[in-house]
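Working notes for the structure below.
Residue numbers count from 1 along this sequence.
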Amino acid sequence: MSGSAPPLAVIGAGSWGTALAIHLARGGHPVRLWGHRPEAAQRLEEARENRAYLPGIPFPEGLTVTASLGEAVAGEAAVLVAVPSHAFARTVADLHPHLPAGTPLAWATKGLDPDSRRLLHEEAAESLGPVAMAAISGPTFAAEVGAGRPTAVTVAANDPGLAAAWVGRLHHGAFRAYTSDDLIGVELGGAVKNVLAIATGIADGLSLGANTRAALITRGLAEATRLGVALGGRAETFTGLAGMGDLVLTCTDDQSRNRRFGLALGGGGSAAEARAAIGQVVEGEPTTRAVLARAHEAGVEMPITEQVYRVLFEGVAPRVAVEELLAREPKPEA
């Protein structure tokens, strides 16, 4: 397949970008993985594995690594961005001069822009204009994708052809992909779940038990859905892979950086200590601020997100935040 298939460019050589590049290359696609630091890109190419994030998982033959954006996207490559949300807007702006007009863009980044608080398709449109766009999201840990374990994702796009194209590239081996046209819902599901993972981590760090964790996941899903619908998404998207699926994964497994961050806070550690121990970007921290701002603008109540914000940015003790949630007035569930 690699002899005739057009190249794929995966922009971002962290754990998630590397895992996606490996998976796509295993499907027979020629893949160029871009990393922003030349010395790191050279190490990856020479070692033929990402020893920092996915040790022991070799790169397939069709995967090459570069620090040149122009080289990565040359030859009308299909582009998939997998950088942290805080770097998304800058990366897309840097990509723009290297892309022919109208080039579609896909991303596997989860979150909102921490400065503008916009959804990622809004940021992409700022640089690229009205092009076809797709977001890939769902319950995915990079290490498991890299190891070839069964995984399922949703590909949401504003163009059915683009969604189908990325499903065709991703859907092989133990990896399943489904299409959606709810770009807003899929983006928000992937963003808000990181905030809620911090909340469940805090609760588990406080040893509050399984009942508490289940309640936070369920009521967290309700507030994520409220925001999604208010911003133009569909409620049913939040019961799918990019909503409930990703939420359950991130809130219950310690592979989640956001959950581990919350565990550290609930256990009495500081945010700085938790970030240092994790050693990678904790998307839920800046996303909490952005999500709450969008909720306030839309007039949507998000009490769990509000308490996570207070712990992270107002110095409220985690146990006090939990007590304030429990003190809320009773109301109908739906």
Side-chain angles (χ1 to χ4, degrees), residues 2 5-101 103-111 113-115 120 123-124 126-128 131 136 140-143 145-147 166 169-170 257 275-283 285-286:
S2 59
L8 308 180
V10 177
I11 308 301
S15 56
W16 187 214
T18 301
L20 285 166
I22 289 170
H23 173 70
L24 290 164
R26 284 174 181 155
H29 297 278
V31 177
R32 303 174 193 138
L33 176 63
W34 175 85
H36 73 281
R37 291 186 293 123
E39 66 279 7
Q42 184 177 349
R43 283 198 300 271
L44 291 177
E45 182 63 37
E46 292 172 351
R48 303 300 299 162
E49 67 176 81
N50 191 328
R51 290 174 178 166
Y53 298 133
L54 299 175
I57 301 176
F59 290 173
E61 184 178 342
L63 194 164
T64 58
V65 187
T66 180
S68 165
L69 278 175
E71 183 179 313
V73 303
E76 299 184 354
V79 181
L80 175 62
V81 177
V83 299
S85 59
H86 73 265
F88 181 85
R90 183 178 70 251
T91 302
V92 174
D94 290 344
L95 272 170
H96 184 210
H98 302 285
L99 300 176
T103 300
L105 184 76
W107 58 87
T109 300
K110 298 176 182 178
D113 184 88
D115 297 321
L120 299 185
E123 285 295 336
E126 181 77 12
S127 291
L128 304 179
V131 301
I136 299 167
T140 50
F141 285 136
V145 171
W166 277 104
R169 295 162 185 144
L170 291 163
R257 298 192 293 268
R275 282 192 297 270
I278 292 167
Q280 290 178 268
V281 174
V282 179
E283 290 279 11
E285 189 177 15

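Considering CG of L20 and CD1 of I11, their distance stands at 12.0 Å, rounded to 0.5 Å. Taking CD of E123 as the reference point, atom CG of D113 lies at 4.0 Å (rounded to 0.5 Å). A distance of 9.0 Å separates CG of L44 from CZ of R37, quoted to the nearest 0.5 Å.
Across all non-hydrogen atoms, the minimal contact from R26 to V145 is NH1-O, 3.6 Å. Across all non-hydrogen atoms, the minimal contact from S15 to A142 is O-CB, 3.5 Å. The shortest non-hydrogen separation linking V65 to E45 is N-OE1, 2.7 Å. In this structure, A19 and G146 approach most closely via the heavy-atom pair CB-N, 4.0 Å. In terms of heavy atoms, H96 sits closest to L128 at CD2-CD2, 3.7 Å. The two residues A21 and L33 come nearest to each other via the heavy atoms CB-CD1, 4.0 Å.
Within 6.0 Å of CD in E61 there are 12 or fewer heavy atoms belonging to other residues, nucleotides or ligands. Annotation: H98, atom NE2; neighbour count of heavy atoms from other residues, nucleotides and ligands within 6.0 Å is above 12.
The shortest distance between side-chain heavy atoms of F59 and T18 falls below 4.5 Å. The shortest side-chain heavy-atom distance between R48 and P58 does not fall under the 4.5 Å cut-off. Residues T140 and K110 are in side-chain contact: their nearest non-hydrogen atoms beyond the backbone lie under 4.5 Å apart. Side-chain contact between V92 and W107 is absent, with no heavy atoms from C-beta onward closer than 4.5 Å. No side-chain heavy atom of L54 sits less than 4.5 Å from a side-chain heavy atom of E49.
With hydrogens and angles disregarded, no donor-acceptor distance shorter than 3.5 Å links the side chain of R169 to the backbone of G27.
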Please set out all donor-acceptor pairs under 3.5 angstrom arising from side-chain atoms of residues 71-91, sequence neighbours excluded.
{"residue": "E71", "atom": "OE2", "partner": "T66", "partner atom": "OG1", "Å": "3.3"}
{"residue": "S85", "atom": "OG", "partner": "E283", "partner atom": "OE1", "Å": "2.5"}
{"residue": "T91", "atom": "OG1", "partner": "A87", "partner atom": "O", "Å": "2.7"}

I22/V31 under side-chain contact (heavy atoms from CB on, under 4.5 Å): CA gap, chis, key distance, verdict:
CA-CA 8 Å; I22 289 170; V31 177; over 6 Å; no
Would you check, one step at a time, whether the test side-chain contact (heavy atoms from CB on, under 4.5 Å) holds for L24 with W166?
CA-CA 10 Å; L24 290 164; W166 277 104; 4.1 Å; yes
